[in-house]
Amino acid sequence: MDTLISAADRALRTVFTSHHAARPYPGSVPEANQTTPLSEAEKRESAALMRVNHVGEVCAQALYTSQALATRDPALRRHFLSASAEETDHLAWTEERLRELGGRTSLLNPLWYAGAFGIGFVAGKLGGDRVSLGFVVETERQVEAHLQSHLNQLPAHDVASRAIVAQMKTDEARHAKEAESAGAVLLPAPVQGLMRMMAKVMTTVAHRV
Ligand SMILES: [Fe+2]
Ligand SMILES: [Fe+2]
């Protein structure tokens, strides 16, 4: 019951409140003040990309929380919850950058959260712990690739957004490795493909809404 209440609490906090990072904000790079200011069009594009990244982090919170709820192994539950704490930094940084760019978070965040929570919970319950971890590995790898594509798309002189995305990419790669060493199984190719398809829908919609 306690776990259930804390999961509900985490859901509401993720979707409806702003977040504080435990680590310093990577966007505070001195170079940010030395480059040409972003044009309105560049700000809009950067904000759209950072909104997509923010949605990704909302989904990360949902996934880790649901997987923590699904597992019966207390050590694995701690692993999922501590990973989700680190993802909170990402949530806070993307929120902060969106504010700086005059952008906003996705209006559909409750929907993204619910979808990711459902998928994480089903993966954890039906597949068991090693599949649940496999799911983390695949998600983190896809997010990492996605962040790389953002580094190619972000305006070259948006150094603040680039610094945030680069730090997130490093963290996601580590999350994938940690889940791998915790005993993840490799997900079958069709499942990986399905996950990529769902991510595509999410990123395309979140770019606009
Ligand atoms: Fe993240
Ligand atoms: Fe991650």
Side-chain angles (χ1 to χ4, degrees), residues 10-11 13-15 17-27 46-71 76-98 103 105-106 109 112-113 115-117 119-121 123-124 129 131-151 153-154 160-184 186-187 192 195-196 198-200 202-203 206-207:
R10 293 170 80 90
R13 276 174 205 271
T14 301
V15 177
T17 63
S18 58
H19 299 84
H20 299 284
R23 288 176 289 168
Y25 180 53
S46 285
L49 295 172
M50 294 313 274
R51 176 164 55 248
V52 170
N53 293 333
H54 181 265
V55 167
E57 295 303 327
V58 167
C59 292
Q61 291 294 328
L63 277 177
Y64 279 120
T65 304
S66 63
Q67 289 175 312
L69 195 67
T71 183
L76 188 59
R77 179 171 305 129
R78 278 194 299 275
H79 169 97
F80 285 140
L81 292 178
S82 86
S84 103
E86 198 163 283
E87 303 286 2
T88 303
D89 287 353
H90 298 175
L91 205 55
W93 295 340
T94 45
E95 268 163 21
E96 175 68 24
R97 187 60 190 147
L98 274 168
T105 55
S106 172
N109 275 342
W112 304 130
Y113 190 97
F117 190 94
I119 292 169
F121 192 74
D129 289 347
V131 168
S132 202
L133 283 162
F135 206 75
V136 169
V137 172
E138 183 56 27
T139 306
E140 296 285 6
R141 291 240 169 90
Q142 289 190 15
V143 173
E144 190 194 344
H146 191 81
L147 292 172
Q148 179 57 53
S149 81
H150 278 193
L151 286 175
Q153 290 172 62
L154 280 165
S161 299
R162 303 181 75 84
I164 296 165
V165 170
Q167 182 59 54
M168 283 168 57
K169 186 171 164 277
T170 307
D171 293 345
E172 313 304 13
R174 184 165 34 79
H175 295 157
K177 282 220 175 68
E178 285 167 357
E180 223 168 37
S181 20
L186 187 68
L187 297 188
Q192 293 185 9
M195 286 168 70
R196 257 193 297 276
M198 283 177 356
K200 181 81 200 152
M202 185 267 268
T203 52
H207 196 269

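Computed from a prediction, not measured in an experiment: that's the story for all the values here. In each ligand, atom 1 is the first atom listed, and ligand 1 is the first ligand listed.
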Residue Glu86, metal the Fe ion (ligand 2), N/O/S under 2.8 Å: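 Under 2.8 Å: Glu86 has no N, O or S contact with the Fe ion (ligand 2).
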
For atom NE2 of His207, is the number of surrounding heavy atoms from other residues, nucleotides or ligands below 6.0 Å larger than 12?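 Check passes, neighbour count above 12.
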
Let's go through Leu186 and Gln192 carefully: what are the C-alpha distance in whole Å and the side-chain angles of both, what is the deciding distance for side-chain contact (heavy atoms from CB on, under 4.5 Å) to 0.1 Å, and is it a yes or a no? CA-CA 9 Å; Leu186 187 68; Gln192 293 185 9; 4.0 Å; yes

State the atom name: nearest N, O or S atom of Glu172 to the Fe ion (ligand 2).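 Of the nitrogen, oxygen and sulfur atoms in Glu172, the Fe ion (ligand 2) lies nearest to OE1.
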
Is [X] close enough to the Fe ion (ligand 1) to have an N, O or S atom under 2.8 Å?
X	value
Asp171	no
His175	no
Glu87	yes

What heavy-atom pair brings Ala92 and His20 nearest, and what distance separates the two atoms?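 Reported closest heavy-atom pair: CB-C, 3.9 Å.
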
Could you give the distance from NE2 (His79) to OG1 (Thr71), rounded to the nearest 0.5 Å?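 So the NE2 of His79 and the OG1 of Thr71 are separated by 10.5 Å.
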
Write the atom name of the N, O or S atom in His90 that is nearest the Fe ion (ligand 1).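 The His90 atom nearest to the Fe ion (ligand 1), restricting to N, O or S, is ND1.
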
For His90, is there any backbone N or O sitting under 3.5 Å from a side-chain donor or acceptor partner on Thr94? yes

